[in-house]
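Right, one structure below, let's go through it.
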Amino acid sequence: MTDRRLWSYREIAAHIQVQPDTVRAYRKHGLLPEPDLVEGGRPYWFADTVRAWAARRPGNRGRRGWRE
């Protein structure tokens, strides 16, 4: 089953337990996947895209997000 909900910086930040500005910095430095959708100039990612990225990102140390 796929999760096609779209997440903004805020939802990504909550999932990986950081501030939204940290997620923006990740994107600025190329550490976040390209958005699945850009609407009105705002990027959005599918929840599945974020979960896959979070599972393999440096510093994850096997933690799982609280919004599984």
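Hydrogens, waters and symmetry mates are skipped; everything else that's a heavy atom, side chains included, is used. These numbers were taken from a predicted model, which means no experiment stands behind them. Note that the numbering runs from 1 along the sequence shown for the chain.
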Non-hydrogen atoms of Gln19 and Ala13 that approach each other most closely | C-CB, 3.7 Å

Could you give me the CA-CA distance, side-chain angles and deciding distance for Arg51 and Trp7, then say whether side-chain contact (heavy atoms from CB on, under 4.5 Å) is met?
-> CA-CA 11 Å; Arg51 286 190 182 105; Trp7 285 5; 3.9 Å; yes

Can you list the residues that meet the side-chain hydrogen bond (donor to acceptor under 3.5 Å, both in side chains) rule with Ser8, with sequence neighbours excluded?
-> Glu11

Could you list the residues that satisfy side chain to side chain contact (heavy atoms under 4.5 Å, CB included) with Glu39, not counting sequence neighbours?
-> Leu37, Tyr44

d(Thr22 OG1, Leu31 CG) to nearest 0.5 Å is 11.5 Å

What residues, two or more places apart in sequence or in another chain, satisfy side chain to side chain contact (heavy atoms under 4.5 Å, CB included) together with Arg24?
-> Tyr9, Pro20, Asp21

For Val23 and Ile12, work out which heavy atoms get closest and say how close.
-> CG1-CG2, 3.7 Å

If only atom types and distance count, is the side chain of Arg42 paired as donor or acceptor with the main-chain N or O of Val38 below 3.5 Å?
-> no

State the CH2-CD1 distance between Trp53 and Ile16, to the nearest 0.5 angstrom.
-> 4.0 Å

Heavy-atom nearest pair, His15 first then Val50, reads CD2-CG1, 4.2 Å

By side chain to side chain contact (heavy atoms under 4.5 Å, CB included) - contacts of Arg4 (at least two apart) = Thr2, Phe46

Heavy-atom closest pair, residues Arg57 and Tyr26 = NH1-OH, 3.3 Å

